[in-house]
Amino acid sequence: QVQLVESGGGLVQAGGSLRLSCAASGFTFSIYSMGWFRQAPGKEREFVAYFSRSGNTYYSDSVKGRFTISRDNAKTTVYLQMNSLDPEDTAVYYCARDRVAFGSGYSSYAPVAGNYDYWGQGTQVTVSS
């Protein structure tokens, strides 16, 4: 069955960095685009970044220039490198699989949570001031 397992979260001071990983299994990873979302306490889940099967990447305005999404198809893993972290980045971070195989989502497609069919359990990121 499809599994997405995030890791790499933790506590970091403002200005620091973390790299999140999402290990995927149970499906042909290379034919799916992948995304990262986050949810802070009391807030709705929000889009963070997207890496399409064809190599296009999209970011939310709040993380653009600080976060980088990447993927390693051989390791069936998608990563989120987070730099210059701010307390506003504190949230549970989730990876998710695009529901469309062989798709290459566009910028208005990527942020819609309904376009993803499988989600990981999340990893907590806490940024202290």
Side-chain angles (χ1 to χ4, degrees):
Q1 71 277 24
V2 174
Q3 283 195 315
L4 300 172
V5 180
E6 301 95 337
S7 61
L11 174 64
V12 64
Q13 289 189 331
S17 299
L18 282 175
R19 188 176 83 152
L20 305 183
S21 300
C22 172
S25 61
F27 63 100
T28 305
F29 181 77
S30 61
I31 67 173
Y32 285 89
S33 303
M34 300 292 294
W36 284 97
F37 285 73
R38 67 186 181 185
Q39 187 166 19
K43 295 187 177 181
E44 293 187 355
R45 190 169 297 191
E46 67 169 347
F47 168 73
V48 175
Y50 178 89
F51 198 117
S52 78
R53 184 186 64 86
S54 59
N56 296 321
T57 57
Y58 303 109
Y59 297 92
S60 68
D61 288 343
S62 62
V63 308
K64 198 174 297 181
R66 301 188 297 121
F67 291 12
T68 303
I69 188 171
S70 61
R71 64 188 292 163
D72 185 333
N73 287 340
K75 295 183 178 179
T76 66
T77 300
V78 60
Y79 304 96
L80 186 68
Q81 177 66 45
M82 306 186 296
N83 298 329
S84 302
L85 283 162
D86 183 271
E88 291 293 311
D89 297 315
T90 294
V92 178
Y93 283 71
Y94 301 89
C95 68
R97 189 186 81 166
D98 190 331
R99 66 173 58 251
V100 178
F102 297 104
S104 290
Y106 39 92
S107 60
S108 60
Y109 174 97
V112 179
N115 290 331
Y116 300 82
D117 57 358
Y118 286 94
W119 297 77
Q121 84 289 347
T123 186
Q124 175 71 47
V125 172
T126 303
V127 184
S128 64
S129 57

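Residues: numbered from 1 along the sequence shown.
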**Q.** CA sep, side-chain torsions, deciding dist, call: Arg38, Thr90, side-chain contact (heavy atoms from CB on, under 4.5 Å)
**A.** CA-CA 9 Å; Arg38 67 186 181 185; Thr90 294; over 6 Å; no

(Q) Evaluate Phe27 against Tyr118 for ring-ring contact (aromatic ring centres under 6.0 Å, His included), listing each step before the verdict. (A) CA-CA 11 Å; Phe27 63 100; Tyr118 286 94; 7.5 Å; no

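The hydrophobic clustering, which links ILVMFWY residues whose side-chain heavy atoms are closer than 4.5 Å, places Tyr59 and Val48 together. In this structure, Leu80 is not a member of the same hydrophobic cluster as Tyr116, with clusters built from ILVMFWY side-chain heavy atoms closer than 4.5 Å. Under the 4.5 Å side-chain heavy-atom criterion for ILVMFWY residues, a single connected hydrophobic cluster contains both Phe29 and Phe51. Under the 4.5 Å side-chain heavy-atom criterion for grouping Ile, Leu, Val, Met, Phe, Trp and Tyr, Val112 is not connected to Leu4 through any hydrophobic cluster.
Proximity of Met82 to Trp36: side-chain heavy atoms (C-beta onward) are nowhere separated by under 4.5 Å.
No donor-acceptor pair under 3.5 Å is formed between the side chain of Thr76 and the backbone N or O of Ser25. Between the side chain of Arg99 and the main chain of Gly114, a donor-acceptor pair closer than 3.5 Å is present. In this structure, Arg45 contributes its side chain and Tyr94 its backbone to no donor-acceptor pair below 3.5 Å. A donor-acceptor pair under 3.5 Å links the side-chain atoms of Ser33 to the main chain of Arg53, judged by distance alone. Judged by distance alone, the side chain of Gln121 and the main-chain N or O of Val5 form no donor-acceptor pair under 3.5 Å. Although no hydrogens or angles enter the test, the distance criterion places no donor-acceptor pair under 3.5 Å between the side chain of Tyr50 and the main chain of Tyr106.
A side-chain donor-acceptor contact under 3.5 Å links Asp98 and Tyr109.
Here the straight-line distance linking atom OH of Tyr93 with atom CG of Leu18 works out to 9.0 Å at 0.5 Å rounding. Atom-to-atom distance recorded for Leu85:CG and Phe67:CZ is 5.0 Å, nearest 0.5 angstrom. Note that the CE atom of Met34 and the OG atom of Ser52 stand 12.5 Å from one another [nearest 0.5 Å]. Rounding to the nearest 0.5 angstrom, the gap separating the CD atom in Gln3 from the CD atom in Gln1 is 5.0 Å.
Residue pairs that meet the disulfide (SG to SG under 2.5 Å) test with at least one member in residues 59-129, sequence neighbours left out, are Cys22-Cys95.
The pair Asp86-Arg66 does not count as a salt bridge, with every side-chain nitrogen at least 4.0 angstrom from each carboxylate oxygen.
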